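One structure is given below, encoded as structure tokens.
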Amino acid sequence: MIRMLIVDDEPIERIALQRIIEEGSPDVEVVGQASNGREAIEAAERLQPDLITMDIKMPGINGLQAIEKIRETNKAVKFIVVTAFDTFEFAQQAIKLGVYDYMLKPSRLSVVLETIGRVANEIQMIQQELANRSIEQVRLQKMTPLVEADIVEQLLFDYVQSASLAEMIDLIGFPSGREGFVMTLQFSHDMAEPSHLRDYDDVYLELNELLLDVSNPIWLGKMSGNQVPAIVFTDGEFSYRAQAISVAKKWIQALDVKSGFRLFIGIGGLCKDIRDMRKSYHEALLASMDNTLAARYCLYENLTRDDIQAIGGRTLEMEKSVLEEVRRGNLEAAGDRIAQMIDIFEGAKQGVGMSQQRIFEVLIVVTRMLQEMGMDVQTPYFPYSTTSYIQLKAESRLLIHNLVQVGEIVETDLLQTMKLYIQKHAHEELSLERIAATVDRNPFYVSKLFKEHFGMNYIDFLTEYRIETAKQLMQETDKSLKEITFEVGYNDPNYFSRVFKKLVGYSPTDYRKMLIRPTNKKHI
């Protein structure tokens with residue numbers, strides 16, 4: 001609906017024009033009237049009209065002066081001037097002020113409607129174009145973090161970037177300053193209060209929101225396990241070191257308050273070219289190895305040569321994290337952690353042969369854990385001695401990928417087993433621990449499977465099955481609602497009624513009434 005303001009010093013002219021609009025222009029709504037230039041300025045600010053019909057000859061502030069004043073705060077509003085003066089001088093002034101059209105007094109009804117309709121159509125086209133741009137802008141805003149994460153993935157982890165990398169960078173726009181560095185953000189539950197414990201996914205969302213509070217342009221990578229890489233671009237105003245520490249402190253303080261997680265940040269060295277960010281990433285990983293520092297961040301440039309040489313032996317904690325991810329059933333995350341270990345070995349300039357041996361030992365332990373969990377996996381092996389880190393990473397990913405494929409097959413079998421068990425015992429008290437025990441898995445792992453494959457937790461799955469069973473019993477039997485309540489596994493009919501109404505939209509009583517249809521008897 002087009003919002004219109006009528007400005008004229010003659011009341012009868014205003015009333016007549018409003019009646020014409022109301023009867024002949026259904027897409028235009030008259031939101032107000034003004035009798036002089038000053039009232040017009042005030043009404044335009046208050047009502048924010050899309051279209052104003054402006055009389056020129058008025059006492060005090062005339063029409064052209066009012067247009068000029070209104071234009072200062074509302075550039076989009078369209079004007080149609082209404083005047084008895086058809087002079088060249090007036091036309092010049094009107095054009096300068098951006099007047100869209102004009103009508104001479106008096107005008108025929110058809111001329112008024114045609115002029116108003118023409119301007120209204122133009123306004124509608126502009127509004128639709130702005131709406132389309134807004135939709136595209138929202139889509140771009142939603143897509144930008146995904147594109148940024150993909151760019152970070154290629155720059156930091158892939159030795160050979162795809163042909164579309166440059167196109168993706170053009171899509172989101174390159175920061176004005178191309179110098180930057182990499183941060184690795186590591187989250188830990190260890191020091192979090194139990195009441196604040198939440199999924200890492202929630203923290204990742206909060207991290208994206210916090211980017212708005214940081215002045216530096218930042219490309220955030222994907223979360224891998226409990227770690228997120230980020231490329232931070234310098235703004236040229238302060239030194240690299242000052243900017244790095246500032247960003248690290250802001251994130252640490254903000255996430256302490258918002259998430260309850262403990263955050264430690266490793267900071268790599270400054271790179272002049274975006275193609276060198278992989279080196280900064282390796283340095284950030286090395287800087288994040290000792291996460292016991294009180295400052296909770298560490299710059300690579302602060303490490304001594306002895307520190308770097310000793311880091312290779314401190315990957316034991318990362319090996320433990322790999323096994324923990326396997327225990328939880330996160331084989332993809334375990335693979336990412338192994339890739340990070342390889343990056344650390346490369347950054348510390350450890351021999352490729354020694355690194356391959358360390359990774360092989362970890363994969364052997366992972367295989368044994370999976371076999372103990374009931375998965376039929378073969379012992380992994382490297383077909384030959386690795387000669388480069390590129391080769392080591394590629395072969396390690398292939399071995400992990402094979403384990404993941406086996407894991408997915410086993411998970412499908414586990415889900416089917418648990419699903420059948422829930423359906424068979426839905427009328428009983430079923431805890432997550434009891435369901436997990438049927439497949440010899442830990443409850444955390446079982447909960448994760450339900451969320452990933454069914455999009456809900458086990459209790460929601462159980463509830464839906466119970467309610468569907470109740471609906472079937474209402475339709476196929478004459479059992480009372482109380483009997484059905486106990487049969488599907490609830491002890492309280494009132495509670496059952498609330499759950500039923502929440503899921504179905506009707507109370508059990510109303511739902512059963514809907515199932516009963518009167519029999520139409522034929523009259524002879």
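Note that the structure is a prediction, hence the values are computed from the model and not measured. The basis for the numbers below is simple: all heavy atoms, side chains too, and nothing from hydrogens, waters or symmetry mates.
- Using a 4.5 Å cut-off on side-chain heavy atoms (C-beta onward), Arg434 and Tyr421 make contact.
- Of all the heavy atoms in Glu148 and Ile218, the pair that sits closest is OE1-O, 3.7 Å.
- Asp50 places a side-chain N or O within donor-acceptor distance of the main-chain N or O of Arg3, the cut-off being under 3.5 Å.
- With hydrogens and angles disregarded, no donor-acceptor distance shorter than 3.5 Å links the side chain of Ser246 to the backbone of Ala242.
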Going through the distances and angles, do Leu481 and Met474 end up as a side chain to side chain contact (heavy atoms under 4.5 Å, CB included)? CA-CA 8 Å; Leu481 293 178; Met474 290 180 198; 3.8 Å; yes
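- The shortest non-hydrogen separation linking Ala295 to Ile252 is O-CD1, 4.0 Å.
- Scanning all heavy atoms of the two residues, the minimum distance from Val152 to Pro229 falls at CG1-CG, 4.2 Å.
- A 4.5 Å side-chain heavy-atom check between Leu185 and Leu263 finds at least one atom pair inside the cut-off.
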For Asn74 and Gln48, what are the C-alpha separation, side-chain angles and deciding distance, and is it a side chain to side chain contact (heavy atoms under 4.5 Å, CB included)? CA-CA 8 Å; Asn74 190 340; Gln48 291 297 303; 3.7 Å; yes
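- Here the side chains of Cys298 and Phe264 are in contact, with some heavy-atom distance below 4.5 Å.
- Considering CD1 of Ile435 and CG of Leu430, their distance stands at 5.0 Å, rounded to 0.5 Å.
- Residues Tyr281 and Ile231 fail the side-chain proximity criterion, which asks for heavy atoms closer than 4.5 Å.
- Considering CZ of Arg262 and CZ of Phe187, their distance stands at 12.5 Å, rounded to 0.5 Å.
- At least one side-chain heavy atom of Tyr495 sits under 4.5 Å from a side-chain heavy atom of Arg498.
- A pairwise comparison of heavy atoms in Ala426 and Tyr465 identifies CB-CD2, 3.6 Å as the closest pair.
- For Phe486, the CZ atom is densely surrounded, since the number of other residues' heavy atoms within 6.0 Å is greater than 12.
- Classification of the Phe233-Trp219 ring pair by plane angle, with boundaries at 30° and 60°, yields perpendicular.
- Put simply, the residue from His427, Gln423, Glu428, Glu429 that forms a side-chain hydrogen bond (donor to acceptor under 3.5 Å, both in side chains) with His425 is Glu428.
- For the side chain to side chain contact (heavy atoms under 4.5 Å, CB included) criterion with Thr184, the lone passing option out of Val228, Ile267, Leu285 is Leu285.
- For Glu45, the CD atom is loosely surrounded, since the number of other residues' heavy atoms within 6.0 Å does not exceed 12.
- Atom CZ in Arg296 sits 9.5 Å away from atom CD in Gln253 (nearest 0.5 Å).
- The two residues Ser355 and Leu392 have their closest heavy-atom pair at CB-CD2, 4.0 Å.
- The distance from the SG atom of Cys271 to the OH atom of Tyr240 is 9.0 Å, given to the nearest 0.5 Å.
- Atom CG of Leu155 sits about 5.5 Å away from atom CG of Leu165, to the nearest 0.5 Å.
- Looking only at distances, a side-chain donor or acceptor of Ser280 sits under 3.5 Å from a matching main-chain atom of Gly269.
- For the pair Arg71 (side chain) and Val77 (backbone), a donor-acceptor distance under 3.5 Å is present.
- For the atom pair CZ (Phe181) and CD (Glu301), the distance works out to 10.5 Å, reported to the nearest 0.5 Å.
- In this structure the side chain of Ile359 reaches within 4.5 angstrom of the side chain of Phe345, judged on heavy atoms.
- For the pair Val232/Gln243, no side-chain contact is recorded, criterion being any heavy-atom separation below 4.5 Å from C-beta on.
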Kindly determine whether Tyr300 and His282 satisfy side chain to side chain contact (heavy atoms under 4.5 Å, CB included), including the steps that lead there. CA-CA 10 Å; Tyr300 175 77; His282 288 162; over 6 Å; no
Apply side chain to side chain contact (heavy atoms under 4.5 Å, CB included) to Met341 and Val322, showing your working. CA-CA 10 Å; Met341 288 180 62; Val322 171; 4.2 Å; yes
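- Considering only heavy atoms from C-beta on, Lys501 stays 4.5 Å or farther from Tyr511 through its side chain.
- Closest approach of Trp251 to Ala230, counting heavy atoms only: CH2-CB, 4.2 Å.
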